[in-house]
Structures are given as structure tokens and as C-alpha cells.
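Below: one structure, written as C-alpha cells.
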Amino acid sequence: MKLPDADQTLMQVWSEVVHDLKTAIGEKSVKAWISKLGIVGYEDGVLKLSAPSNFVRDNVLSRFSSEIITAANSYGYHVKYINVDVYDSNNQDLVTNTDEHDDVKSISVLDKRFTFENFVVGKPNEFAYAAALRVAEDKTSQFNPLFLYGSVGLGKTHLMHAIAWYVMRVHPRKKVIYISAEKFMYLFIKSLRFKDTMSFKEMFRNVDILMIDDVQFIGGKDTTQEEFFHTFNDLVDNNRQVVLSADKSPSDLEGVENRLKSRLGWGLVADVHPANYELRLGILQAKSKQYKVDIPDEVLEFLAVKITSNIRELEGALNRIVAHVTLVGRDITISVAQEVLSDLLRSNERFITIELIQKRVCEFYSVKLSDLNSPRRLKAVTTARQVAMYLCKEFTTKSLADIGRKFGGRDHTTVVHALKKVKNCIEHDRLFAADFEILAKSFES
Ligand code: ADP
Ligand code: MG
């Protein structure tokens with residue numbers, strides 16, 4: 001069976017499959033193996049993939065075939081076999097405009113879909129979008145570094161890739177590097193091992209725009225932080241643009257030295273907020289138009305109401321619906337959508353995370369997020385920490401140990417103590433109880 005117009009859908013499904021495999025085989029294996037694969041096609045029960053080397057192909061086939069098949073079939077495919085071709089590494093679909101260094105070549109891997117044109121702008125992300133566009137247009141030197149932050153799946157990586165695409169199109173001679181913080185550390189550590197830090201430095205010091213994604217992962221590694229700091233200072237001092245992203249603002253980054261934190265916040269710090277209903281609907285409309293699949297407005301509205309966790313999940317939901325329409329040919333109604341997405345809908349019903357609770361409690365008590373994880377015993381900090389722990393117990397399904405861990409690695413007895421303390425205060429301190437009620441209410445809607 002060859003599906004009409006299915007290439008795009010298959011690509012989308014594949015990216016979902018890769019994401020789902022993290023649960024099945026672990027994030028490390030996905031990174032090491034699955035992320036290296038490309039999707040080629042699907043025909044007659046055979047899922048065709050591509051791999052960069054025989055080594056990757058053989059490993060994937062012997063270790064992960066059945067997991068891949070299971071994951072793909074959960075999107076309505078009927079895969080029986082996997083076929084993996086080894087492609088010529090000179091012919092890769094990687095995109096980069098730098099060609100003098102092998103390592104650089106392999107770091108700037110950009111997603112073709114992540115352009116400014118494909119980015120739907122709404123209130124929650126308009127500021128970050130405008131800042132990113134301004135940086136891409138090279139209209140200002142004030143936004144240096146540009147620091148994008150927000151929780152997972154809200155479009156930070158998309159904006160960074162968009163900057164790269166834009167610059168590569170308009171100024172093809174400029175050198176742009178996009179790299180994950182993890183890869184940055186990996187390359188650095190490798191250069192230490194091979195006593196080749198000079199070329200590591202060269203690699204980054206010759207760029208016009210350096211983008212490092214998810215810098216929260218740099219926290220804690222002292223030598224890398226130091227190197228990062230120097231590379232960073234060098235670039236900014238020479239008027240090269242630096243763009244960074246993280247899941248927290250610079251001042252809330254954990255395990256990052258203070259002078260680096262403050263340095264990171266010198267340029268422009270732009271917060272990407274969670275999408276509101278309008279933006280969610282806008283994204284769904286834009287994407288369903290791209291797939292050229294007709295999905296009734298009421299179904300899109302239904303998704304926009306129900307899937308509130310983040311845009312990645314929202315896209316995932318739409319992809320499943322699209323796959324369903326394409327494969328089964330059934331018209332989509334709200335009840336079909338409910339059936340196809342039952343698991344996603346359930347997990348979105350009460351999407352309250354420890355991070356969300358921490359953030360809101362900190363805002364409420366005006367304490368810094370990083371203080372919750374620190375050993376500080378200031379009254380305001382202790383109260384906020386204990387209240388946050390209590391709310392985590394109330395509104396999430398996390399265990400006491402999990403909760404403790406997310407508060408600077410405290411142990412579960414600390415959490416038990418916090419729960420008792422808060423309960424006691426609610427019963428005996430009217431002011432405290434009134435505050436607590438307001439906070440708790442904010443999680444109930
Ligand atoms: P983050 O890096 O913040 O975790 P991503 O940039 O990877 O998030 O975005 C997750 C997914 O959501 C991507 O597929 C991205 O294209 C999509 N996405 C996020 N924001 C938007 C937007 N405003 N318009 C269109 N797609 C978006
Ligand atoms: Mg990202």
C-alpha cells in the first residue's frame with residue numbers, strides 16, 4: 001500500500017515514535033541509536049529506515065526491532081518488518097553551512113519544519129518570537145546573548161532552528177552553529193581527552209552565531225562551565241551573536257556559578273509562556289492545513305480545550321488523528337478523536353507538575369525558585385518549600401521520595417515533616433490558611 005500524501009504524516013509519526021521509544025528503551029538508547037535513524041517509507045507492512053553506518057543498523061535491528069514495531073503500530077500502522085538501509089554519509093540530509101570541520105558538520109542538524117514561517121505566534125510567545133526574529137535579521141546588537149526560556153515543548157528549539165534557517169538563507173556566508181548543551185560538553189570533554197582543546201576553541205570562536213540549546217544541562221560540570229564561560233565571553237566581546245535556551249531563567253539555573261548566571265542575563269531574557277487556548281487552536285489549524293487533511297473545526301477545538309500540557313503533545317495528538325484519517329479513511333468526529341487519544345486525554349486531564357507547583361508557590365510567596373532547592377532556612381523560604389511539597393502530594397501522583405528529590409534532593413522524611421507542618425498551620429493559623437486556600441484553588445480549575 002502506498003499512501004497518498006502520506007510522507008509528511010509518516011515523518012510526523014516517526015518523530016512521535018522516537019519520542020515514545022524513550023519510555024520503552026530509555027532516553028540514552030534513543031539518543032545513541034534511534035535518533036540516528038531516518039525514516040524512508042512504509043509499504044506492505046515494511047517500515048523502511050535509514051542508518052548512517054552498518055554498525056548502527058545492526059545494533060538497531062538486533063536490539064530494538066520489536067520496540068520500534070510496537071511503537072509504530074500504536075499509530076495505526078501494521079508493521080511486520082523493519083528494513084534499514086545504510087546511506088552514504090556524503091549524502092546526508094543534515095544541514096549546515098560550515099564545511100571545514102567534521103564535528104561542526106555533525107552538530108548543526110536542523111529540522112526543516114522549524115522555520116519562522118511555520119511558527120504560530122500568539123500572546124504567550126510573541127515576545128520570544130519577536131526577539132528571535134530581530135536577532136536573525138541582525139538588526140540589533142543589544143540582544144546579546146538572547147536567552148530563551150520556558151518549560152518543555154513550547155517552541156524554544158523551533159525558534160533557534162528558525163534563526164539558523166533564516167540566517168543561512170539571507171546571509172549564506174555567515175557561520176551558524178546550533179548545538180545542544182550536552183553535545184557541547186561531549187565535544188569539550190573529548191577535546192580534553194585528546195589534548196586538543198585548541199581546535200575545540202577554534203571551532204566555536206570562528207562563528208557568527210552560536211546557539212546552545214538546553215543549557216540547564218551544563219549545570220554542575222565545573223570545567224565545562226569554565227570553558228563555556230570563556231567561549232561565551234570571547235564571542236560576545238567580539239560582537240558575535242549568542243543564543244541560548246533553557247528550561248529556567250538564568251537566575252534559576254541550578255548548579256551554575258553565580259558569575260555565569262549573571263553573565264547569561266546581560267542581554268535579553270525572553271520567557272516563552274505555555275500556550276493559551278487561542279494559540280493552541282491556531283497551531284492546530286496551521287498544522288492541519290499543512291497536512292492537507294480535513295479535520296472538522298469542532299474536533300480541532302476539542303483538542304485545543306483538552307490537550308493543554310504543551311505544544312509537543314498537542315502536535316502528537318494531531319499527528320495521531322491525521323494518521324488515523326489517512327490510514328483508516330474514517331471521518332473524524334469528536335468521539336473518534338476521544339477514542340484515538342484516550343491515553344493522552346487522560347494524562348492531560350489534570351496536568352499539574354511539581355515544576356508548576358514550585359513556580360506558582362514561589363510567585364505567591366515571592367521567593368526564588370532556586371531557594372526551594374537550596375539548604376536555606378529563612379522563614380519565608382521554608383514556608384514556601386513546605387507548602388509546595390504539600391501541594392505536590394495533593395495534586396500530583398508523585399511519591400514522597402520523588403517529591404523530596406525535586407526539592408534539592410531532600411529525603412522523604414523531610415517531606416513527611418513538611419506535610420505535618422502545613423496541615424498543622426492550616427488548622428491553627430487563620431492567615432496561613434487563607435493564603436493556602438487561594439493557592440490550592442489555583443490548581444483546582
Ligand atoms: P522546546 O524546545 O521548547 O522543548 P520545541 O521547539 O521542540 O520545544 O517544540 C515542540 C514542538 O512544538 C515542535 O514540533 C515545534 O515545531 C512545535 N511548536 C512549538 N511552538 C510552536 C508554534 N508557536 N507554532 C508551531 N509549532 C510550534
Ligand atoms: Mg528544545
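First listed ligand is number 1; within each ligand, the first listed atom is number 1. Values below: every heavy atom of this structure, side chains too, minus hydrogens, waters and symmetry copies.
- Backbone and side-chain nitrogen or oxygen atoms of G155 are examined, and one is located within less than 3.5 angstrom of a nitrogen or oxygen of ligand 1.
- Under a 4.0 Å heavy-atom criterion, G153 is in contact with ligand 1.
- Remark: minimum distance from atom 25 (C) of ligand 1 to any protein heavy atom is reached at N118 O, 3.3 Å.
- In terms of protein heavy atoms, atom 7 (O) of ligand 1 is closest to R312 NH2, 2.8 Å.
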Considering only distance and modelled atom types, tabulate donor-acceptor pairs under 3.5 Å from the side chains of residues 15-25, sequence neighbours left out.
residue, atom, partner, partner atom, Å
S15, OG, Q12, O, 2.9
D20, OD2, Y75, OH, 2.5
T23, OG1, D20, O, 3.3

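- Remark: minimum distance from atom 24 (N) of ligand 1 to any protein heavy atom is reached at V120 N, 2.8 Å.
- With a 4.0 Å cut-off on non-hydrogen atoms, F114 touches ligand 1 through its side chain and not its backbone.
- A distance-only check finds a donor-acceptor pair linking the side chain of Q358 to the backbone of K406 [under 3.5 Å].
- A distance below 6.0 Å separates the ring centres of F200 and F204.
- Between the side chain of R320 and the backbone N or O of V340 there is at least one donor-acceptor pair closer than 3.5 Å.
- Protein heavy atom at the shortest distance from atom 2 (O) of ligand 1 is T157 OG1, 2.7 Å.
- A distance of 11.0 Å separates CD1 in I179 from CE in M160, rounded to the nearest 0.5 Å.
- Ring geometry, F114 versus H161: the interplanar angle falls from 30° to 60°, so the pair is classed tilted.
- Atom NZ of K183 is separated from atom NZ of K190 by 8.5 Å, given to the nearest 0.5 angstrom.
- Between the N125 side chain and the G122 main chain, a donor and an acceptor come within less than 3.5 Å of each other.
- Looking only at protein heavy atoms, the nearest one to atom 27 (C) of ligand 1 is I311 CG2, 3.7 Å.
- The protein non-hydrogen atom at the shortest distance from atom 14 (O) of ligand 1 is E315 OE1, 2.5 Å.
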*Check the pair E126, K123 against salt bridge (charged side-chain N to carboxylate O under 4.0 Å, His left out), reporting the backbone distance first and the verdict last.*
CA-CA 5 Å; E126 63 184 5; K123 264 254 163 325; 3.6 Å; yes

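- Given atom 21 (C) of ligand 1, the protein heavy atom at minimum distance is F119 CE1, 3.8 Å.
- In this structure, atom 6 (O) of ligand 1 lies nearest to the protein heavy atom H158 N, 2.8 Å.
- Of all the heavy atoms in T115 and H158, the pair that sits closest is O-NE2, 2.9 Å.
- Atoms of ligand 1 lying under 4.0 Å from at least one heavy atom of N125, given by number and element, are 23 (N).
- Scored by the salt bridge (Lys or Arg N to Asp or Glu O under 4.0 Å) test, D111 finds R113 as partners (sequence neighbours excluded).
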Compile the donor-acceptor pairs under 3.5 Å between side chains in residues 143-154 and protein atoms, sequence neighbours left out, one pair per line.
residue, atom, partner, partner atom, Å
N144, OD1, Q241, NE2, 3.4
N144, OD1, V242, N, 2.9
N144, ND2, R240, O, 2.7
Y149, OH, D271, OD2, 3.4

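- Between N118 and Q290 the shortest side-chain heavy-atom distance falls below 4.5 Å.
- Within the structure, ligand 1 has K287 among the residues with a heavy atom less than 4.0 angstrom away.
- Screening the protein for N, O or S atoms under 2.8 Å from the Mg ion (ligand 2) yields 1; no waters enter the count.
- Checked against a 3.5 angstrom limit, the closest N/O atoms of V152 and ligand 1 fall outside it.
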